[in-house]
Amino acid sequence: MNGLNIKQLLDEIIAQAMQQAGIEHPIAQIRQSQKLEFGHYQANGIMAAAKKNGYPPRVLAQKVTDILGDHAEFSFEIAGPGFINIRLKAAFIEQNIAQFSTTNSTSDGKQKTVVIDYSAPNLAKEMHIGHLRSTVIGDTAARVLESCNHKVVRANHVGDWGAQFGSLLAYLDQITVVGEEISSKLTDLEKFYQSASKLFRGDKEFAATARQYVVKLQSNDPQCYYLWEKFIGVSLDHCQSVYDKLNISLTIADVKAESAYNEDLPVIVKILQDKTLLTESDGAQCVFLDEFKGKNERPLPAIVRKSDGGYPYLATDLAATRHRSEIINADEVLYVVGASQQLHLRQVFAVARAAGFIGPEQIFRHLPFGLILKADGKPFKTRDGADVKLIDVLNEATDRALKLIKEKNSSMTEQEQLKVAEVVGIGAIKYAELSKNRTTDYIFDWDTMLSFEGNTAPYLQYAYTRIRSLFRKSSTDPSRLTNPISLQEDQEILLALRVLQLIEAIEAYLEDYQANILCNYLYELARSFMSFYEHCPILTESHQIKASRLQLANVTAQTLHSGLALLGIQTVERM
RNA sequence: GCGCUGGUAGCUCAGUUGGAUAGAGCAUCUGGCUACGAACCAGGAGGUCGGGGGUUCGAAUCCCUCCCAGCGCGCCA
């Protein structure tokens with residue numbers, strides 16, 4: 001974003017004044033104040049600097065504020081042990097809100113190519129609740145980076161290879177009559193998976209056949225390959241329908257499946273061998289790096305080829321690093337993968353670096369996330385121990401939203417109600433996910449997850465509809481508003497300031513891709529609007545005030561809309 | 001055993017990298033709808049920040065130690 005970053009501006013102004021006061025390498029430590037009585041922003045760096053230079057903190061603070069003098073845009077006040085509380089003058093906010101635009105983008109000018117590895121369902125299973133986090137978190141990162149004009153490569157590293165496909169293909173072959181359309185057998189995927197795995201467990205003959213199919217698949221047997229391709233196609237279509245319903249920006253074109261790296265696997269091993277990184281251990285080809293220790297301080301291998309000649313997923317992941325580094329030429333690669341994979345990914349990155357697959361300037365980074373748990377702290381499963389299907393969660397969400405809509409607003413057409421239920425229900429799920437700290441486990445409870453009150457997506461969406469309603473009521477076209485915004489009431493000033501802080505939220509988000517920072521920002525924005533809306537009449541005011549407040553409401557709506565869009569959450573005109 | 005996470009209000013979670021009297025939502029209590037939309041607003045109550053040491057002007061945050069929970073630690077992905 002290249003809009004005004006107030007925090008950054010203040011950082012420069014205060015640091016410069018500190019320097020003039022005799023501080024070397026000053027750090028102003030500007031923060032948004034927690035309480036209004038401490039101003040809009042505060043500088044916390046005076047005390048540390050004073051300490052370091054042997055001044056009494058308040059004396060230094062005085063010196064700095066004297067240098068700053070009677071500023072046109074800010075007022076400064078010394079408080080407590082040596083804080084400088086900063087207040088923005090209304091005129092300053094008015095002037096900047098007039099230039100505000102949500103479509104401004106990146107600052108530092110450097111466009112990066114960022115690969116984001118996310119979602120990555122296993123095609124041998126139906127998508128379940130466990131896929132929600134990676135999918136939603138990764139999609140947000142993709143949207144935010146794109147909004148900052150970076151080039152984003154979405155990489156959906158789907159599992160489409162390996163032993164678990166043996167029984168599926170054997171079963172598919174068994175139930176398919178020659179000449180019959182295969183996809184008709186796969187209309188109910190869930191039933192298909194269950195039948196296949198039931199046979200695999202209960203029928204020894206079938207299990208043996210299934211194992212043969214694994215071998216056949218790996219040796220590119222034509223019939224087997226044909227079945228596999230069909231199966232993968234149907235399975236991917238199923239995933240895509242979930243993505244569409246969830247409003248995820250992934251498409252079929254973003255799929256780069258595990259099998260896509262099959263031909264690279266021997267090459268990877270060869271390179272490792274040529275670089276003398278390989279050691280044979282118990283028949284397996286391993287890379288031993290000093291930094292990895294297993295149980296009892298034994299060296300921990302990264303196994304790139306198993307003793308049976310097969311390749312483990314570490315080999316595939318290595319091939320993927322090479323592709324992303326050398327072919328895509330990524331500046332940064334983000335892996336949105338569960339926290340339990342941490343050691344694995346550390347090994348992947350370390351081996352890839354040792355082998356030269358990753359250049360020294362390239363950043364490969366794991367963005368871990370925790371588990372979704374039940375209220376009792378155990379992993380989230382159905383009563384009989386099965387995974388909860390993602391599509392069921394989404395349907396439950398829209399059903400609940402629809403029910404609520406029917407209670408609250410029956411004037412909409414059936415079709416509109418359904419549309420709004422989708423937007424509200426799906427928004428609630430995504431927001432519930434994104435508003436929590438990425439790295440920790442969290443409790444999934446239907447009622448809190450699908451709550452439509454308080455700090456939730458519907459609250460933000462509701463704020464948006466209230467604004468849209470204002471424009472309907474007053475028959476005003478927001479794009480025709482050209483009048484300036486005049487800020488009188490505290491609620492107006494705080495709301496306008498919030499709007500201007502969007503850029504700070506985005507930059508804070510990009511530090512560590514913690515979406516809850518964006519959520520918190522949007523929630524505070526919506527709250528500020530609600531407060532303004534209650535306190536400041538709009539449509540009943542004189543022309544000038546009315547126009548100003550409508551203008552302020554309009555930039556708020558734009559900010560809510562584009563902020564929610566970064567999270568992949570939509571808005572509606574009515575709800 | 002070793003490593004990585006985490007332990008904050010009754011519940012679910014924040015806490016901008018060391019700042020002021022630790023904040024939200026839900027639940028609970030008190031007010032506010034012949035509506036610029038009450039999916040809301042204004043306010044109250046609720047805390048030994050797992051325990052104990054330490055570092056300093058200042059600690060939920062950094063260090064040490066102990067307790068508890070989750071995850072990971074050679075050929076599943």
Side-chain angles (χ1 to χ4, degrees), chain A residues 7 29 31-35 37-38 42 44-45 47-48 50-51 57 79-83 85 122 124 159 161-164 258 281-286 292-308 310 312-314 316-317 338-344 346 368 370-371 373 375 377 379 404-405 407-409 424 432 435-437 439-443 445 447-449 451-456 458-459 461-463 465-466 469-470 473-474 504-505 508 511-512 514 516-517 519-520 523-524 527 530-531 533-541 546 549 553 574-575:
Chain A
K7 185 174 163 179
Q29 287 189 49
R31 302 288 126 86
Q32 292 176 15
S33 297
Q34 303 285 346
K35 293 179 184 174
E37 54 179 303
F38 298 146
Q42 61 188 48
N44 296 343
M47 289 163 293
K51 177 84 182 169
F83 297 101
N85 293 339
N122 184 341
W161 202 253
Q164 70 267 37
E258 287 182 342
S281 174
D282 296 335
Q285 298 298 319
C286 307
F292 297 102
K293 295 270 187 276
K295 286 180 184 171
N296 306 320
E297 293 294 299
R298 286 173 61 196
L300 183 70
I303 298 175
V304 296
R305 189 160 193 195
K306 299 188 286 181
S307 51
D308 67 2
Y313 78 138
L314 190 138
T316 311
D317 281 340
S340 63
Q341 298 294 315
Q342 197 222 48
L343 178 62
H344 166 72
R346 273 183 52 217
L371 298 169
L373 307 173
L404 187 69
I405 289 159
E407 283 169 20
K408 302 235 178 212
N409 192 342
V424 170
S435 59
K436 287 176 181 68
N437 184 318
T439 55
T440 52
D441 296 347
Y442 77 93
I443 309 276
D445 173 75
D447 292 327
T448 45
M449 190 90 167
S451 160
F452 302 126
E453 290 173 356
N455 186 359
T456 61
Y459 180 88
Q461 291 165 326
Y462 181 62
T465 61
R466 278 181 144 185
S469 176
L470 285 171
K473 270 258 157 57
S474 64
E504 293 176 38
E511 294 275 313
D512 196 31
Q514 293 276 15
N516 67 311
I517 291 175
C519 292
N520 288 343
Y523 181 62
E524 289 305 325
R527 257 155 66 101
M530 295 290 194
S531 185
Y533 183 86
E534 297 282 339
H535 186 264
C536 301
I538 299 168
L539 301 181
T540 54
E541 288 294 313
K546 176 179 162 185
R549 288 182 176 167
R574 265 185 283 263
M575 60 190 274

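In the text below, chain A, chain B and the rest are named by the order of the sequence lines, each starting its count at 1. Computed from a predicted structure; not experimentally measured. What you see below is based on every heavy atom in this structure, not just the backbone, and it leaves out hydrogens, waters and symmetry mates.
- A straight line from CG of L373(A) to P of U5(B) spans 18 Å, rounded to a whole angstrom.
- Nucleic acid contact class of Q341(A) (heavy atoms, under 4.0 Å, all strands): base.
- Pairing for C75(B) is absent, judged as Watson-Crick or G-U wobble with the two contacts each under 3.5 Å.
- Comparing the same atom, C1', in A42(B) and in C33(B) gives a spacing of 14 Å after rounding to whole Å.
- Whole-Å rounding puts the K408(A) NZ to G37(B) C1' distance at 10 Å.
- With sequence neighbours excluded, no residue forms a side chain to side chain donor-acceptor pair (under 3.5 Å) with N296(A).
- Across all strands shown, G70(B) forms a Watson-Crick or G-U wobble pair, both distances under 3.5 Å, with C4(B).
- Residue K306(A) has its side chain nearest to C76(B) when only C76(B), C73(B), A39(B) are considered.
- Taking atom C1' in both A60(B) and G7(B), one finds a spacing of 11 Å when rounded to whole Å.
- Distances shown here put every side-chain N or O of K293(A) at or beyond 4.0 Å from the OP1 or OP2 atom of C2(B).
- Atom CG in L314(A) sits about 11 Å away from atom C1' in G74(B), given to the nearest Å.
- Considering every non-hydrogen atom in both K546(A) and L539(A), the closest pair reads CD-O, 3.8 Å.
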Base-contact (B) and sugar-phosphate-only (S) positions in nucleotides 13-29 of chain B, heavy-atom cut-off under 4.0 Å, - elsewhere: SSSBS-BBS-SSSS---
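- The base of A77(B) sits with one of its N or O atoms less than 3.5 Å from a complementary donor or acceptor on the side chain of Y313(A).
- Rounded to a whole Å, the CD atom of E534(A) is 10 Å from the C1' atom of G37(B).
- Across all strands, I538(A) comes closer than 4.0 Å to base atoms (heavy-atom distances).
- Between A24(B) and C64(B), the two C1' atoms lie 33 Å apart (nearest whole Å).
- Between C286(A) and S281(A), the shortest heavy-atom distance links the atoms SG-CB, 4.0 Å.
- Comparing A163(A) and L371(A) by the nucleotide of RNA chain B whose heavy atom lies nearest to each, the residue mapping closer to the 5' end is L371(A).
- U65(B) and C41(B) are spaced 47 Å apart, taking the P atom of each and rounding to whole Å.
- Comparing U48(B) with U55(B), their P atoms sit 25 Å apart, to the nearest whole Å.
- What separates CD of E258(A) from P of C76(B) is a distance of 14 Å, to the nearest Å.
- Distance check on atom C1': G51(B) versus C67(B) gives 7 Å, rounded to whole Å.
- Residue P312(A) is classed as a sugar-phosphate contact, given heavy-atom separations below 4.0 Å to backbone atoms only.
- C11(B) and G47(B) have their C1' atoms separated by 15 Å, given to the nearest Å.
- A24(B) and U12(B) make up a base pair, with Watson-Crick or G-U wobble contacts both under 3.5 Å.
- G58(B) and G74(B): their C1' atoms are spaced 49 Å apart (whole Å).
- The closest side-chain heavy-atom distance from P312(A) to K306(A) is below 4.5 Å.
- Following rounding to the nearest Å, Y462(A) (OH) and G37(B) (P) show an atom-to-atom distance of 8 Å.
- Within the 3.5 Å criterion, the main-chain N or O of K35(A) finds no donor-acceptor partner in the side chain of S33(A).
- U48(B): no Watson-Crick or G-U partner with both key distances under 3.5 Å is found in any strand.
- In this structure, the side chain to side chain donor-acceptor pair (under 3.5 Å) partners of Q341(A), at least two apart in sequence or on a different chain, are Y313(A).
- In this structure, the CZ atom of R346(A) is 8 Å from the P atom of C4(B), given to the nearest Å.
- Under the Watson-Crick and G-U wobble criteria, each requiring two contacts below 3.5 Å, nucleotide A60(B) is left unpaired.
- Within the nucleic acid shown, S469(A) comes within 4.0 Å of at least one base atom, counting heavy atoms only.
- Taking the centre of each ring, F38(A) and F83(A) stay at or above the 6.0 Å mark.
- For R549(A), no side-chain nitrogen or oxygen approaches OP1 or OP2 of C36(B) to under 4.0 Å.
- The base-pairing partner of A42(B), taking Watson-Crick or G-U wobble contacts with both distances under 3.5 Å, is U30(B).
- Using a 90° window around 0 for the glycosidic torsion, U30(B) falls outside it and is classed as anti.
- Within the 4.0 angstrom heavy-atom criterion, only backbone atoms of the sugar-phosphate kind lie near L300(A); the bases stay farther away.
- Counting atom types as modelled, R574(A) pairs no side-chain N or O with a base atom of G37(B) as donor and acceptor under 3.5 Å.
- Residue C536(A) is classed as a base contact, given a heavy-atom separation below 4.0 Å to a base.
- In terms of modelled atom types and a separation under 3.5 Å, the side chain of R305(A) and the main chain of A284(A) share no donor-acceptor contact.
- Proximity of a side-chain donor or acceptor of S531(A) to a complementary backbone N or O of R527(A) within less than 3.5 Å is not detected.
- Regarding K295(A), its NZ atom lies at a distance of 13 Å from the P atom of G1(B), rounded to whole Å.
- OP1 or OP2 of A42(B) sits under 4.0 Å from a side-chain N or O of S531(A).
- No side-chain heavy atom of L373(A) sits under 4.5 Å from any side-chain heavy atom of Y442(A).
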